[in-house]
**Student:** 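This is the structure, below, for whatever I ask next.
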Amino acid sequence: LPPDASESQRMIARYVEENGLSGVPAVLGVPAENVFLNILTLPAGTRQARNAAVREHLEGLRALSGSETVSDFFPLATRGGRRRMLVGVARRDAVNALIDPLSIAGMKIVAAIPVSLAFFNRALAQAPRRCALVVLCPVADAGVEVLVGTNRTLCGVWRLPLNFLDQPEGENALEAIARELADLRPRQTGAGSA
């Protein structure tokens with residue numbers, strides 16, 4: 001879209017009108033650069049303790065953002081006896097900046113989902129059984145978001161900057177991804193191994 005906001009709004013409105021999208025319920029794909037995804041391992045114990053851990057985690061992320069945030073979370077399959085939760089957090093103003101032009105043009109945004117998670121879910125639906133799955137999603141010009149899982153669930157999320165090989169945290173993330181993939185690899189069974 002053009003940098004001029006009014007011209008951009010006219011283009012969106014024209015597109016919505018020409019394609020009969022006014023009032024049609026739509027899901028907004030939030031680009032990876034606007035949303036932070038991570039996996040939270042919940043403490044053992046009561047539901048209250050787990051809820052408190054999620055609240056504390058979200059409050060910490062909100063404090064880091066320095067502005068009002070919107071968040072969502074989704075329980076993941078238990079691994080190693082530990083309950084896990086996928087947490088997504090975005091700055092409210094960044095999400096509103098995506099929704100507002102579409103709403104003004106007549107689109108009815110009913111939900112928002114991170115684009116990288118939508119790609120992962122699509123690949124998950126098409127993956128063969130017992131398959132390790134790696135999905136890479138660009139984060140603007142900053143790098144790539146890596147989602148790793150199986151045909152059952154998402155297991156890990158990492159952000160790699162473009163020059164990640166020059167940074168220790170990039171190397172640590174690569175090692176974590178390699179460990180996750182090794183854990184997902186089906187165990188070989190049968191005779192003949194030495």
Side-chain angles (χ1 to χ4, degrees), residues 27-45 50-51 53-62 64-65 69-91 94-95 98 111-190 193:
V27 175
L28 173 69
V30 181
E33 57 268 22
N34 290 355
V35 64
F36 176 70
L37 287 179
N38 70 331
I39 295 177
L40 174 64
T41 301
L42 299 172
R50 291 191 302 268
N51 290 344
V54 171
R55 271 194 312 277
E56 183 179 317
H57 185 69
L58 290 174
E59 287 169 10
L61 292 174
R62 187 175 303 119
L64 282 175
S65 77
T69 59
V70 291
S71 58
D72 201 2
F73 50 90
F74 182 78
L76 297 172
T78 301
R79 288 189 74 204
R82 301 300 300 250
R83 293 180 185 219
R84 299 168 320 119
M85 180 118 4
L86 176 65
V87 179
V89 178
R91 287 183 24 227
V95 174
L98 296 169
I113 185 170
V115 170
S116 56
L117 188 58
F119 286 157
F120 182 84
N121 288 338
R122 175 73 174 155
L124 194 65
Q126 297 176 335
R129 289 188 51 82
R130 301 185 58 124
C131 169
L133 184 63
V134 178
V135 172
L136 307 175
C137 187
V139 182
D141 296 331
V144 65
E145 188 167 61
V146 182
L147 290 85
V148 174
T150 66
N151 60 348
R152 290 184 54 226
T153 190
L154 179 64
C155 297
V157 179
W158 296 270
R159 290 251 174 137
L160 297 176
L162 285 178
N163 56 348
F164 69 91
L165 290 177
D166 299 334
Q167 301 176 19
E169 58 270 10
E171 194 170 311
N172 293 341
L174 280 182
E175 289 172 4
I177 293 167
R179 280 193 305 274
E180 195 68 54
L181 287 171
D183 287 347
L184 295 177
R185 206 171 297 137
R187 303 289 184 242
Q188 298 295 325
T189 58
S193 58

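Quick caveat: nothing in here was measured; it's all calculated off a predicted structure. These values consider heavy atoms only, across backbone and side chains, with no hydrogens, waters or symmetry-generated copies.
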**Student:** Indicate the atoms forming the closest heavy-atom contact of Ala32 with Pro138, along with that distance.
**Tutor:**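 Heavy-atom minimum between the residues: CB-O, 3.6 Å.
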**Student:** Looking at Arg50, I'd like to know if its CZ atom is crowded, meaning that more than 12 non-hydrogen atoms belonging to other residues, nucleotides or ligands lie closer than 6.0 Å.
**Tutor:**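 Yes, enclosed.
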**Student:** Tell me, do Ser116 and Leu37 make a side-chain contact under 4.5 Å, heavy atoms counted?
**Tutor:**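 Yes - at least one pair of side-chain heavy atoms lies under 4.5 Å apart.
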**Student:** Which atoms form the tightest heavy-atom contact between Val27 and Ile113, and what is the distance?
**Tutor:**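 Result for this residue pair: CG1-CG2, 3.8 Å.
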**Student:** Can you spot which of Leu58, Val35, Asn38 makes a side-chain contact (heavy atoms from CB on, under 4.5 Å) with Val89?
**Tutor:**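 For Val89, the side-chain contact (heavy atoms from CB on, under 4.5 Å) test succeeds with only one of Leu58, Val35, Asn38, which is Leu58.
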**Student:** Which heavy atom of Ala90 sits nearest a heavy atom of Val95, and at what distance?
**Tutor:**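 Closest approach of Ala90 to Val95, heavy atoms only: CB-CG2, 3.7 Å.
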**Student:** Nearest 0.5 Å, what's the CD1-CG distance between Ile39 and Leu147?
**Tutor:**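 So the CD1 of Ile39 and the CG of Leu147 are separated by 8.0 Å.
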**Student:** Calculate, to the nearest 0.5 Å, the distance between atoms CG and CG belonging to Leu86 and Leu40 respectively.
**Tutor:**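 CG of Leu40 is found 10.0 Å from CG of Leu86.
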**Student:** Shortest non-hydrogen contact from Val30 to Ala112?
**Tutor:**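 Shortest heavy-atom contact: CG2-CB, 3.8 Å.
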**Student:** Keeping the roles fixed (side chain from Arg91, backbone from Asn34), state whether a donor-acceptor pair exists under 3.5 Å.
**Tutor:**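 Checking the backbone N and O of Asn34 against the side chain of Arg91, no donor-acceptor pair under 3.5 Å is found.
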**Student:** Taking Arg84 for its side chain and Leu154 for its backbone only, find out whether a donor-acceptor pair lies under 3.5 Å.
**Tutor:**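 Yes, Arg84 side chain to Leu154 backbone: donor-acceptor pair under 3.5 Å.
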**Student:** When you measure from the side chain of Glu33 to the backbone N and O of Ala140, does any donor-acceptor pair fall under 3.5 Å?
**Tutor:**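 Side chain of Glu33 to backbone of Ala140, a donor-acceptor pair under 3.5 Å: yes, one is there.
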**Student:** For Pro128 and Cys131, work out which heavy atoms get closest and say how close.
**Tutor:**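 Looks like O-CB, 3.0 Å.
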**Student:** Write down the atom of Leu42, the atom of Met85, and the distance for their closest heavy-atom approach.
**Tutor:**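 For Leu42 and Met85, the tightest heavy-atom pair comes out as CD1-CE, 3.7 Å.
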**Student:** Rounded at 0.5 Å granularity, tell me how far CD in Glu145 sits from CZ in Phe36.
**Tutor:**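 So the gap between those two atoms works out to 8.5 Å.
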**Student:** Working to the nearest 0.5 angstrom, can you tell me the gap between Leu76 CG and Arg82 CZ?
**Tutor:**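 Nearest 0.5 Å value for the CG-CZ distance: 14.0 Å.
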